[in-house]
A.B. asks: 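For reference, the structure I am asking about is given below.
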Amino acid sequence: MSSPAAAAKKINKNLTEMSRSVCSRKATMKKNFLTVLKIFVLIALMTLIPGVSIHAAAPGQYKIDMQYDSAKAAIPAQLKAGGRMQRSVIAVAEFADLRPVDDQKAIGWVKELDGSKVGVFPKTVAPTRAVADGIRDYLKKAGYQVADKIVAWDLKEGSLPAGSGKVIIGGSIDELDITCWTGVFSNDYKINMKFSLVVADAARGKILYKGNVSASASRTDTSFSEGQLGHEASVALADAIGRLFEGKTVAEKLKEAIIPSSR
């Protein structure tokens, strides 16, 4: 039989544990209550007071910069230029916009918390030029001699621009959709791109290659801004340009055009 002191100690221990358990449950309940209260207040503000949002008031349109950064590009071994491959000039043409859309200036939209859609537009550089600039910088990093000037070409064999380069690279934007769904605590970004690539031998007036690639990206982030939207688009652009030059085919066609003896 236990002594009164031992019994008292046991009772005290049980009371302490019960107290801790109650405090822990109270803390959890308080945290849950505050979360629910926060959601309720946000919903109330957005539904009862017009124009109130956890984001800044939505503008008439969002404007973003979509830019390619060649610093992070991983050039495939078969595409790297060396020796005679560096002697001839490659010219890059501004891409054609072949998207089946009503407004080709628009490149996406943002769905606001109130259900409205706000258009996304280029801030400084049109997407047709952004893709061409990116390909030019990509090929420069690969070691090719690439003309700084972006030329105009309608992708037809009979209208290759003369005097711009021994090789002409152009293409088209077939799909470009930059979207974001804004939320109370998170924002869902989704980017879809589809590009076509055309490689031509200007000296022979002949198209050597036609191909296309698709790239998509999606991400959830707690923040939303035009800068963030532009960053997500730029990351997807880098992926799409890299995909255009994957494999051996494009590298072989460039060699065919630049080095006559390989024909």
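If you're wondering where the values come from, they're calculated on a predicted model, not measured in any experiment.
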A.B. asks: Just do the side chain to side chain contact (heavy atoms under 4.5 Å, CB included) check on Phe224 and Asp188 with the steps written out, would you?
C.D. replies: CA-CA 9 Å; Phe224 171 78; Asp188 296 323; over 6 Å; no
A.B. asks: When you look at Asp133 and Tyr68, which way does the side chain to side chain contact (heavy atoms under 4.5 Å, CB included) test go after all the steps?
C.D. replies: CA-CA 8 Å; Asp133 287 345; Tyr68 176 76; over 6 Å; no
A.B. asks: Please determine whether the number of non-hydrogen atoms from other residues, nucleotides or ligands lying under 6.0 Å from atom NZ of Lys190 exceeds 12.
C.D. replies: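 Counting other residues, nucleotides and ligands, NZ of Lys190 stays at 12 neighbours or fewer.
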A.B. asks: Step through the shown structure and confirm whether more than 12 heavy atoms of other residues, nucleotides or ligands are within 6.0 Å of NZ on Lys140.
C.D. replies: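 Above 12, so yes.
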A.B. asks: Got a second to check how far Ile169's CD1 is from Leu244's CG, nearest 0.5 Å?
C.D. replies: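 The CG atom of Leu244 is 10.0 Å from CD1 of Ile169, to the nearest 0.5 Å.
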A.B. asks: Looking only at atom types and distance, does a side-chain atom of Arg99 sit under 3.5 Å from a main-chain N or O of Ile173, one as donor and one as acceptor?
C.D. replies: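 Flag not set: sc Arg99 to bb Ile173 has no pair under 3.5 Å.
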A.B. asks: Could you check whether Lys141 pairs with Asp137 (Lys NZ or Arg NE/NH1/NH2 to Asp/Glu carboxylate O, under 4.0 Å)?
C.D. replies: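 So Lys141 does not pair with Asp137 through a salt bridge.
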A.B. asks: Has the side chain of Thr179 got a donor or acceptor atom that lies under 3.5 Å from a matching backbone atom of Val110?
C.D. replies: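 No; judged by distance alone, with no hydrogens or angles, the pair does not exist.
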A.B. asks: Take Val131 and Leu176 through the test side chain to side chain contact (heavy atoms under 4.5 Å, CB included) and record every step on the way to the result.
C.D. replies: CA-CA 11 Å; Val131 177; Leu176 177 59; over 6 Å; no
A.B. asks: Are the charged groups of Glu256 and Lys253 less than 4.0 angstrom apart, N to O?
C.D. replies: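 Between Lys253 and Glu256 there is a salt bridge, with a charged N closer than 4.0 Å to a carboxylate O.
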A.B. asks: Over 60° means perpendicular and under 30° means parallel, so classify the ring planes of Trp181 and Trp109, tilted if in between.
C.D. replies: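 Perpendicular.
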A.B. asks: Using a side-chain heavy atom cutoff under 4.5 Å and only I, L, V, M, F, W and Y, what cluster partners does Val198 have?
C.D. replies: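 Its cluster partners, ordered by chain and number, are Trp153, Leu155, Leu160, Ile168, Ile207.
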